[in-house]
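Lettering follows sequence order; numbering is per chain, from 1.
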Number of protein chains: 2
Amino acid sequence: MAVSPEEKYREFLATKNQRMTRERAIIVDEVFSSHEHFDAEQLIQRLAQRTDGRRVSRSTIYRSLALLEEAGLIRRVARQDDRDVFEHDYGYPQHDHLICNRCGTLLEFHSEEITQVLEKVAREHGFRIEGHRLEVNGLCDRCCRPPETRPKKLNLL
Amino acid sequence: MAVSPEEKYREFLATKNQRMTRERAIIVDEVFSSHEHFDAEQLIQRLAQRTDGRRVSRSTIYRSLALLEEAGLIRRVARQDDRDVFEHDYGYPQHDHLICNRCGTLLEFHSEEITQVLEKVAREHGFRIEGHRLEVNGLCDRCCRPPETRPKKLNLL
DNA sequence: TTGGCTGCAAAACTTTTGCATTGTC
DNA sequence: GACAATGCAAAAGTTTTGCAGCCAA
């Protein structure tokens, strides 16, 4: 990849006359240290409890997530337990998710066919696509034993 | 359609040893009085401010939405402005949505091809599909003039 | 030096819940 | 008459915001 996430973030900030602060660097660094999906609370747990001088406050983390999203570095992909789940958008190929209703696992997949179908549909409606979000829910390989009767949330015991 | 939503709701409640109350009837009635999408707050506005003796409290509306979803009468289709958006599930064909980032319009569409692609993908992953949610966001026909640069939320003036 | 940024605490919002009362079956 | 349901108010949980002090450019 040509430009690092930090660098891309810096460029984005520059265009808005905003500053690359110590805190913003810490956050983008932490966010891109692994490819795992995460939600705000998880990031807060990792950053707001540090004692090594790299602590970042809850408010700043929320403010940064909005900025990182706007910068195109991360995107919201799903909702779990009433929280938005984020993932890398920059330097990561377009994909969608299979979400297990039982264990919560997110499986990524990519399908060019879906992109094509969506483009066709959009054309028919005079719609200009900017993005999409596709969550397929069900049971993953490991949890694949028939559930009671219907797709429920999490209140299977 | 063979059975009315009220009737289907009553049957569902019976299987759970729960009761068809005046409030639940009012709610299912209001929900199925139109095919529009709605969120909890909108329903509350319509029901919690009535003075004609058909008022229903906020708590009861939230409790009923969960029940109606469990009964398969409605389903959550999208998120807008931090709220879940519901639509009819019963007596309504499977479909997905084009969501306009500017005016918020929800356009429904159906594509058998998407269903087929998803089934193929699931098969490849040993995944058992229970449902999906596909939101395509962008600009609708009417709003289709190029935005500044990138997909933002609602902070275009 | 200036204007943006952070952290804190408080607020804002949506959704859930405990409990006394009411009502369905 | 038993037990589920309602309404209220309070709580819970996530996300946002006002403001004083701080800091990047």
Does the pair [X]/[Y] count as a salt bridge with the N-to-O cut at 4.0 Å?
X: A/Glu70; Y: A/Lys16; value: yes
X: B/Arg76; Y: B/Glu87; value: no
X: B/Glu130; Y: A/Arg102; value: no
X: A/Asp141; Y: B/Arg128; value: no

For [X] and [N], give me the distance from atom [atom1] to atom [atom2], rounded to whole Å.
X: A/Lys16; N: D/dA24; atom1: NZ; atom2: P; answer: 20 Å
X: A/Leu47; N: C/dT6; atom1: CG; atom2: C1'; answer: 14 Å
X: B/Ile26; N: D/dA5; atom1: CD1; atom2: P; answer: 16 Å
X: A/Leu67; N: D/dT16; atom1: CG; atom2: P; answer: 12 Å
X: B/Asn17; N: D/dA5; atom1: CG; atom2: C1'; answer: 14 Å
X: A/Arg50; N: C/dG7; atom1: CZ; atom2: C1'; answer: 17 Å
X: A/Asp81; N: C/dT16; atom1: CG; atom2: C1'; answer: 15 Å
X: B/Glu23; N: D/dT6; atom1: CD; atom2: C1'; answer: 6 Å

Does any donor-acceptor pair link the side chain of B/Arg63 with the base of D/dG7 at a separation under 3.5 Å?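 Indeed there is one.
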Tell whether A/Ser59 reaches the base of D/dT15 with its side chain through a donor-acceptor pair below 3.5 angstrom.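 A donor-acceptor contact between them is absent.
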5' precedence on DNA chain C between B/Arg58 and A/Arg55 (nearest-nucleotide basis):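 Mapping each residue to its closest nucleotide by heavy atoms, the 5'-most match is A/Arg55.
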5' precedence on DNA chain C between B/Met20 and B/Asp84 (nearest-nucleotide basis):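 Looking at the nearest nucleotide for each, B/Asp84 comes out on the 5' side.
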Kindly say if [X] contacts the phosphate of [N], meaning a side-chain N or O under 4.0 Å from OP1 or OP2.
X: B/Thr21; N: D/dT6; result: yes
X: A/Ser57; N: C/dT6; result: no
X: B/Arg24; N: D/dA5; result: yes
X: B/Arg83; N: D/dT14; result: no
X: B/Tyr62; N: C/dT15; result: yes

Hey, are A/Glu108 and A/His110 close enough side-chain-wise for a donor-acceptor pair under 3.5 Å?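 A/His110 vs A/Glu108: no donor-acceptor pair found between side chains.
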More 5' along DNA chain D: B/Ile61 or B/Arg19, using each one's nearest nucleotide?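 Result of the comparison: B/Arg19.
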Starting at the 5' end of DNA chain D, which residue's closest nucleotide do you reach first, A/Asp82 or B/Gln18?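 The answer here is B/Gln18.
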